[in-house]
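Here's the structure, in structure tokens; my notes come after.
Throughout, residue positions are numbered sequentially from 1 according to the sequence presented.
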Amino acid sequence: MTGMKSDIEIARAAAKKPITEIGARLGIPPEKLVPYGHDKAKVSADFIKSLSSRPDGKLILVTAINPTPAGEGKTTTTVGLVDGLNRIGRNAMVCIREASLGPCFGVKGGAAGGGYAQIVPMEDMNLHFTGDFHAITSAHNLLSALIDNHIYWGNEQAIDSRRVTWRRVMDMNDRALREVVCSLGGVANGYPRETGFDITVASEVMAILCLSEDLADLERRLGEIIIGYRRDKSPVRARDIKADGAMAVLLKDAMQPNLVQTLENNPAFVHGGPFANIAHGCNSVVATRTALKLADYVVTEAGFGADLGAEKFFDIKCRKAGLQPAAAVIVATVRALKMNGGVKKDELGQENVDAVVAGAENLARHIENVRKFGVPVVVAINHFGSDTEAEIEAVKRCAARQGAEAILCRHWAEGSAGITELATRVADLADAGTAHFSPLYPDKLPLFEKIERIARDIYRAGEVTADKQVREQLRLWEEQGYGGLPVCIAKTQYSFSTDPGLRGAPEGHVVNVREVRLSAGAGFVVAITGEIMTMPGLPESPAAERIFLNEEGYIEGLF
């Protein structure tokens, strides 16, 4: 839109309230906040514990179609919806994930919303924030150091150094660290072995922090982490080498949710940040549960499209935490639907109703999928200035054919005033009590059959393949008592298939599971498909090349 301020200009001009005022609105006394400056704070664990007897508000999930370079605006819509709910007189707050430095300096950019539907302080949230990711990285790598140290000093647990499965992490995209050899340089440096790095948001410690109920549960889960195997293939856990206590100490403050605010001074929790394509893609359970005690409506989001984020939100987070979502919003843009319909990015400004209709098959598939979990759905059309009336009507007709309503939203340009229609509809859906949530598969289903169920019912795959070694590993975990865990499929976010270039609504494709990992502490099994990497690489022209401090000391290029 001509003359529109940039996201960062809007964020810097925000009239933020002191974080103690935001806390007071939620009934949080100032002494129960741990401030990080004037505009962000952590909520103390003892205050959270005191809320246990309060009734829960209604949980609303915001998800989306498969992402494209055209943009969908899922976080922007999540934030705008909370502002809209408060504008129509409802007591609502938002829960989203923290941003990883990897995509900020890679290609994706910030993760705090956009336009006049943002959470602030934006720069802090997209950089170091309150140090949670650093704490997670440190706790993870402390365990890595203790493993090699245990082997060096006699190896009391008889760890087979060839079967150490615990890798190291850092919160950055760095393909050079995917496969490394450590402990080179002679006897004094230990026993050389092959290992590697994952990005912090793929760490099991991140998943554990996001799924733990409290500090005691956190330490128990950390102790359950399987770090490797002995020669007899029996598992070695973190507690076996006495690592769980020190790891929990490093994570003590990180377990407390971070309280910030929207541009319209509505409360927001920003806490935890597992990726949705290589992890489970949801903010922390403790933040969501706390928000449900403090507000009548809690709006949260799940990463990427509904095939990844929503499925994992329902099958992992809601299953493990006992959450009952009341409604779901699927975000779509005319531009993204046109890309799914075959239009190139540089041609998106031209009206093309036929491409919208073709690409809307992607939206229809997501509507069908979310309904499989027993949750009512409404579609949010995130408005762009280039959208035409004919294109918008085509999206509405597509949603109507699926029995859903599609509502045009202008929150990016107008803030809460541009999303009141969606807010009213979502509140009505949530209040109606028509949700009958149920996960996609039962706990007792064998692990490989769980993978097949997701691949066939959500991805619409025709076949799921895996090497004998993968199938044997799953069978062994079932024998060891892990068969009841849910599965977390690592897959490209750009397609229902494992081919990122296959847009729209493909059917009958093959999903190949090339590797499986057991996250015993987090409580799920990771199935890695396609070319997905747990340590991403930087693009040819990373965003970092265009990020700098200007003469006034402000950050440029981050958003």
Side-chain angles (χ1 to χ4, degrees), residues 69 98-111 126-129 131-149 151-152 161-186 188-207 225 227-228 273-279 281 303-304 488 490-494 498-501 512 514-517 519 526-548 557-558:
E98 301 177 51
S100 166
L101 295 180
C104 283
F105 291 101
V107 66
K108 184 174 180 289
N126 283 290
L127 295 172
H128 304 290
F129 201 25
D132 292 345
F133 279 30
H134 301 311
I136 290 164
T137 303
S138 296
H140 182 114
N141 291 333
L142 170 62
L143 178 54
S144 301
L146 289 172
I147 292 166
D148 288 307
N149 188 65
I151 294 171
Y152 180 83
S161 60
R162 302 166 302 174
R163 294 188 172 96
V164 174
T165 56
W166 191 253
R167 293 155 61 87
R168 286 168 165 81
V169 298
M170 64 181 294
D171 190 32
M172 195 61 62
N173 295 359
D174 192 347
R175 63 173 57 85
L177 295 179
R178 287 172 182 161
E179 304 292 337
V180 302
V181 178
C182 67
S183 300
L184 296 177
N189 294 338
Y191 297 88
R193 64 180 181 86
E194 293 183 33
T195 183
F197 280 75
D198 295 329
I199 192 167
T200 297
V201 288
S203 166
E204 185 178 354
V205 176
M206 172 69 81
I225 292 172
I227 56 96
F275 270 9
N277 55 350
I278 54 182
F304 297 127
C488 179
K491 182 185 76 69
T492 179
Q493 64 268 35
Y494 298 114
T498 58
D499 177 1
N512 178 57
R514 60 179 177 83
E515 181 185 351
V516 287
R517 298 181 183 180
S519 295
V526 181
I528 300 175
T529 70
E531 298 181 0
I532 200 73
M533 295 288 183
T534 50
M535 169 54 85
L538 291 169
E540 182 178 358
S541 178
E545 296 177 354
R546 296 173 291 280
I547 296 172
F548 62 95
L558 186 59

Residue list, salt bridge (Lys or Arg N to Asp or Glu O under 4.0 Å) with Glu515, at least two apart or on another chain:
Arg517
Could you tell me whether the side chain of Arg175 and the main chain of Met535 form a donor-acceptor pair under 3.5 Å?
no
Name all residues meeting the side-chain hydrogen bond (donor to acceptor under 3.5 Å, both in side chains) criterion together with Thr200; count only those two or more places apart in sequence or in a different chain, and write none if there are none.
Thr137
Scanning both residues in full, the closest heavy-atom pair of Asn173 with Gly537 reads ND2-O, 3.7 Å
Can you check whether Thr529 reaches Arg514 side chain to side chain, under 4.5 Å on heavy atoms?
no
Residue pair Ser161 / Ile151: nearest heavy atoms and the distance that separates them
CB-CD1, 4.3 Å
Please give me the minimum heavy-atom distance between Phe275 and Pro103, naming the atom from each residue.
CZ-CD, 3.7 Å
Decide yes or no for Pro536 and Ile199: does some side-chain heavy atom of the first lie under 4.5 Å from some side-chain heavy atom of the second?
yes
Using modelled atom types and a 3.5 Å cut-off, is there a donor and acceptor pairing between side-chain atoms of Arg167 and backbone atoms of Arg178?
yes
Donor-acceptor contact below 3.5 Å, side chain Arg546 vs main chain Gly557:
no
Which atoms form the tightest heavy-atom contact between Val180 and Ala176, and what is the distance?
CG1-O, 4.2 Å
Can you tell me how far the CD1 atom of Ile278 sits from the CE atom of Met533, to the nearest 0.5 Å?
11.0 Å
Interatomic distance, CG@Leu177 vs CG@Asp174, rounded to 0.5 Å, equals 4.0 Å
Closest approach of Cys104 to Ala99 (non-hydrogen atoms, all atoms of both residues)
SG-CB, 4.3 Å
Is the shortest heavy-atom distance from the side chain of Leu127 to the side chain of Phe105 under 4.5 Å?
yes
CG on Leu142 to CZ on Arg168, rounded to 0.5 Å:
10.5 Å
What residues, two or more places apart in sequence or in another chain, satisfy side-chain hydrogen bond (donor to acceptor under 3.5 Å, both in side chains) together with Arg163?
Asp160
Tell me, please, which residues at least two apart from Asp171 pass side-chain hydrogen bond (donor to acceptor under 3.5 Å, both in side chains).
Ser100
Answer yes or no: is there a side-chain heavy-atom contact under 4.5 Å between Val516 and Val526?
no
Quick one: side-chain hydrogen bond (donor to acceptor under 3.5 Å, both in side chains) partners of Asp499, sequence neighbours excluded?
none
Can you name the closest pair of heavy atoms from Ile532 and Ala490 and give their distance?
CG2-O, 3.6 Å
In the structure I gave you, are the side-chain heavy atoms of Phe304 and Asn277 within less than 4.5 Å of one another anywhere?
yes
Under 3.5 Å donor-acceptor pairs involving side-chain atoms of residues 189-197, not counting sequence neighbours:
{"from": "Asn189", "atom 1": "ND2", "to": "Leu184", "atom 2": "O", "distance (Å)": "2.9"}
{"from": "Arg193", "atom 1": "NE", "to": "Asp148", "atom 2": "OD1", "distance (Å)": "2.9"}
{"from": "Arg193", "atom 1": "NH2", "to": "Asp148", "atom 2": "OD1", "distance (Å)": "3.3"}
{"from": "Arg193", "atom 1": "NH2", "to": "Asp148", "atom 2": "OD2", "distance (Å)": "3.3"}

Mark yes or no for whether Thr165, through its side chain, and Ile227, through its backbone, hold a donor-acceptor pair below 3.5 Å.
yes
Distance-only, no hydrogens or angles: does the Trp166 side chain make a donor-acceptor pair with backbone N or O of His140 under 3.5 Å?
yes
Is any side-chain heavy atom of His128 closer than 4.5 Å to a side-chain heavy atom of His134?
yes
